[in-house]
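One structure, as C-alpha cells, below. Some questions next.
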Amino acid sequence: MTTRAPQPLPAPGHMGVDYEERVDFDRLRRYRLDRAKAALESSECGAFLLFDFYNIRYTTQTWIGGALGDKMIRYALLARDEDPVLWDFGSAVKHHKKYSRWVPEENYRAGFLGFRGAVAPSVGLMAEAVAEIKSMLTEAGVADMPVGVDIVEPPLLFEMERQGLRVVDAQQLMLDARCIKSADEIMLLNQAAAMVDGVYQDIVEMLKPGVRENQIVAHANKRLYEMGSDQVEAVNAISGERCNPHPHNFTDRLIRPGDQAFFDIIHSYNGYRTCYYRTFAVGSSTPAQRDAYKKAREWMDRGIEGIKAGVGTDEVAALLPAAEDFGFGSEMEAFGLQFAHGLGLGLHERPIISRLNSMKEPVELQVGMVFALETYCPAADGFSAARIEEEIVVTEDGPRVLTLFPAQDLVVTNPY
C-alpha cells in the first residue's frame, strides 16, 4: 500500500481573488479579538490596558510600524463586555475611522504620552490619560477590579497606582491567547516563509567572493519589500571568521573563497513573522565545515522528530544538545543557539523551548502552535560554524515545516 504524502500547507498568492479561498481577514480579526476577550474573562481583571504593539494589533486590528511602533504612545483598553478602545497618534485616528471600521468610530481617540519620556511626566499627559481610563472603567463597572497591563513606562504605572488603580500582569494572559494560531494565521506565516524562500534563491546566486555582507542585506530588504513585506525587522549576515562565535549582526565584510556563511531573515507579511536561518559554503567547503553542518542538521532532525501534540517542551528541549556539547559553559551563555521560539505577530512568542527554562516549567505542545527551531554547531577549525532554523506547525498529524529552502545538506554556492 502506498502512503500518500500530506498535502502542502497552503501559501496562496497575495491578492484577493474570487476563485480561491485565501486568508479571510474578517475571520482573522474575530478570532484574535475573541481570544483576547476569553483571556480577559478567565482572569481577575476588569480590563486590559495594552501597550505592547503586537497586543494592540491583536485586539484592535490596527498597526503603525516604523518610527512610531515602539514609542509607547499607542495604547488600547479592552474592558469586559466592551469593544476595544484605541488611543493613537495624530492623524492616524482619522485614518482608522475611515478605513478600519470594525472598531466603533468613537473608540478611536487621539492620545500621546510623551515619546518614552521625551515629554516629562510633570507636563501632566499621563495624569490626564489615567484619569480618562479610570472614568471609562467606572462607566464599564469594573473600576474596583485589577487592571492588567502588558508593558508600561514606570511613570505611568506610578500614576495609575496614585489614582487608585491596582495593576497586575496581562502579558502572560495575552501571550497565552496568541499561542494557538488559526488557519488564517498559519496561512499568513506560510506566505511570509515563501517570500524568504525566494530571497534565499537570490542569495545563493549572488553569494560569491567580492560581495559584502551588507550588499546581501540590502538586496534581501529590497526583495522582501517588493514582494509585499510590511516590516523587515532584521537580516543577519555572518561569514568567514565571524561565524564563531556568533555575533548576531552584519558588517561590510567581503565574502571570500571557501567561507562558510549563514543568514537569518526576519520580516513580516500582514504582521506575521519569519525567523529563518540558512548556511552556505562559498565556492567550496572543507571537511570541518561539512562536519559542523551535518551535526547541526542531526540536532535539528532529532528535535523535529520529537515534536507532536501532547509532548512537553521539556521533552523537546532534552533532544537538543546541552551547552557543554558545543563549547559553552552554561545554558545562559548558550541561550538562543539551541532552542525554539513561538512565531506570530511577535518574533518571540510562546512556546519558548530551551534547556534554560523548559526543564523548570514545561508546557504541553498543542495543535496550532507555531515556532522556529534553531540549531548551531561550531566547526573544528575554530572559526566556521553552521546555523539552521526551521519553522514548524504542530498539527494533528505531527510537525509540518514551513521553511522549504533546501537545508538537508550544506549547499555550496557558485562552486569552483
Side-chain angles (χ1 to χ4, degrees), residues 29 32-33 36-37 39-40 45-143 145-171 173-174 177-178 271 345-346:
R29 287 187 282 263
R32 298 192 304 199
L33 182 55
K37 286 183 173 179
L40 175 59
C45 299
F48 289 162
L49 180 62
L50 305 172
F51 289 89
D52 184 320
F53 38 100
Y54 304 127
N55 289 336
I56 293 172
R57 188 168 192 169
Y58 198 83
T59 54
T60 70
Q61 331 301 328
T62 63
W63 176 249
I64 291 180
L68 299 175
D70 63 349
K71 297 302 184 291
M72 301 291 288
I73 54 174
R74 308 178 73 232
Y75 53 103
L77 183 71
L78 182 65
R80 288 176 180 257
D81 303 318
E82 301 284 342
D83 291 311
V85 179
L86 173 68
W87 288 264
D88 215 329
F89 185 75
S91 62
V93 176
K94 286 188 176 181
H95 189 275
H96 296 328
K97 288 180 178 180
K98 189 173 182 179
Y99 294 107
S100 307
R101 298 189 176 185
W102 41 82
V103 172
E105 183 173 313
E106 64 274 15
N107 285 14
Y108 288 124
R109 306 183 179 201
F112 179 65
L113 298 175
F115 281 143
R116 291 170 61 169
V119 175
S122 56
V123 171
L125 296 174
M126 290 183 175
E128 293 170 5
V130 172
E132 182 182 14
I133 291 166
K134 185 176 180 180
S135 70
M136 296 172 67
L137 296 175
T138 300
E139 186 176 341
V142 296
M145 301 175 72
V147 180
V149 177
D150 49 7
I151 57 177
V152 65
E153 291 184 83
L156 187 79
L157 173 62
F158 302 152
E159 183 61 37
M160 292 179 71
E161 293 173 340
R162 190 188 69 80
Q163 294 195 31
L165 297 175
R166 184 160 73 89
V167 178
V168 298
D169 182 18
Q171 186 73 312
L173 296 161
M174 285 300 302
R178 288 161 46 192
L345 291 176

Query raised in the report: Do Phe112 and Leu125 have side-chain heavy atoms sitting under 4.5 Å apart?
Result: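 Touching, per the 4.5 Å side-chain cut-off.
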**Report entry** Distance, nearest 0.5 Å, that separates CG of Leu78 from OH of Tyr58
**Finding:**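 Atom-to-atom, Leu78:CG and Tyr58:OH are 12.0 Å apart.
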Query - Interatomic distance, Ile56 atom CD1 to Leu50 atom CG [nearest 0.5 angstrom] - result: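 Going from the CD1 atom of Ile56 to the CG atom of Leu50 covers 6.5 Å.
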Query raised in the report: Looking at Arg57 and Arg32, what are the two nearest heavy atoms and their distance?
Result: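 Nearest pair, atom of Arg57 first, then Arg32: O-NH2, 3.7 Å.
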Requested in this report: Determine whether Ile64 and Phe53 make a side-chain contact, defined as any pair of heavy atoms from C-beta on separated by less than 4.5 Å.
Outcome: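 No, too far: nothing below the 4.5 Å cut-off.
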Query raised in the report: Do the non-hydrogen side-chain atoms of Leu156 and Val130 ever get within less than 4.5 Å of each other?
Result: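 Side chain of Leu156 against side chain of Val130, heavy atoms only: contact under 4.5 Å found.
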Report task. Rounded to the nearest 0.5 Å, what's the gap from CD on Glu106 to CG on Asp83? Could you check? Result ->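 Those atoms lie 8.5 Å apart.
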Query - Step-by-step side chain to side chain contact (heavy atoms under 4.5 Å, CB included) determination, Asp150 to Met174 - result: CA-CA 8 Å; Asp150 49 7; Met174 285 300 302; 5.5 Å; no
Requested in this report: Answer yes or no: is there a side-chain heavy-atom contact under 4.5 Å between Met72 and Leu113?
Outcome: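 No, too far: nothing below the 4.5 Å cut-off.
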Query - Spacing of Leu173 atom CG and Asn55 atom CG [to the nearest 0.5 Å] - result: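 Atom-to-atom, Leu173:CG and Asn55:CG are 10.5 Å apart.
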Query raised in the report: Are Lys71 and Phe89 close enough, and set up right, to give a side chain to side chain contact (heavy atoms under 4.5 Å, CB included), and what steps lead you there?
Result: CA-CA 10 Å; Lys71 297 302 184 291; Phe89 185 75; over 6 Å; no
Requested in this report: Determine the minimum heavy-atom distance between Cys45 and Met145, stating which atoms define it.
Outcome: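 Residues Cys45 and Met145, closest heavy atoms: O-CE, 3.6 Å.
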Report task. Determine the minimum heavy-atom distance between Trp63 and Arg74, stating which atoms define it. Result ->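 Closest pair (atom of Trp63, atom of Arg74, distance): N-NH2, 4.0 Å.
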Query - Test log, rule side chain to side chain contact (heavy atoms under 4.5 Å, CB included), inputs Asp88 and Tyr108 - result: CA-CA 7 Å; Asp88 215 329; Tyr108 288 124; over 6 Å; no
Report task. Taking all non-hydrogen atoms of both residues into account, name the closest pair between Tyr75 and Ile133 and its distance. Result ->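 Closest approach of Tyr75 to Ile133: CE1-CD1, 4.0 Å.
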Query raised in the report: Does any non-hydrogen side-chain atom of Phe158 lie less than 4.5 Å from one of Pro121?
Result: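 When only atoms from C-beta onward are counted, Phe158 and Pro121 do not touch, as no gap falls below 4.5 Å.
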Query raised in the report: Is atom CD of Glu139 surrounded by more than 12 heavy atoms (other residues, nucleotides or ligands) closer than 6.0 Å?
Result: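 No, because the 6.0 Å sphere around CD of Glu139 holds 12 heavy atoms or fewer from other groups.
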Report task. Dump the intermediate steps for side chain to side chain contact (heavy atoms under 4.5 Å, CB included) on Leu49 and Val152, then the final yes or no. Result -> CA-CA 9 Å; Leu49 180 62; Val152 65; over 6 Å; no
Report task. Measure across Thr60 and Trp102 and return the closest heavy-atom pair with its distance rounded to 0.1 Å. Result ->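 Answer, listing the atom of Thr60 first, then Trp102: O-NE1, 2.9 Å.
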Report task. Any chance you could measure Leu40, atom CG, to Thr59, atom OG1, to the nearest 0.5 Å? Result ->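 Rounded to the nearest 0.5 Å, the CG-OG1 separation comes to 11.0 Å.
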Query raised in the report: Any side-chain heavy-atom pair from Val142 and Asp81 closer than 4.5 angstrom?
Result: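 Of all side-chain heavy-atom pairs linking Asp81 with Val142, none is under 4.5 Å.
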Requested in this report: Calculate, to the nearest 0.5 Å, the distance between atoms CZ and CE belonging to Arg162 and Met126 respectively.
Outcome: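 Here the interatomic distance stands at 13.0 Å.
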Query raised in the report: So, do Trp87 and Glu132 sit near enough that their side-chain heavy atoms are less than 4.5 Å apart?
Result: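 SC-SC contact between Trp87 and Glu132 confirmed.
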Requested in this report: Over all heavy atoms of both residues, which pair between Leu86 and His96 is shortest? Give the atoms and the distance, please.
Outcome: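 Heavy-atom minimum between the residues: CD2-CD2, 3.8 Å.
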Report task. Give a yes or no answer on whether the side chain of Gln163 reaches the backbone of Ala127 with a donor-acceptor pair at less than 3.5 Å. Result ->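 Flag set: sc Gln163 to bb Ala127 pair under 3.5 Å.
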Report task. Answer with yes or no whether the side chains of Asn107 and Glu82 bring together a donor and an acceptor at under 3.5 Å. Result ->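 On atom types as modelled, these side chains do not qualify, holding no pair under 3.5 Å.
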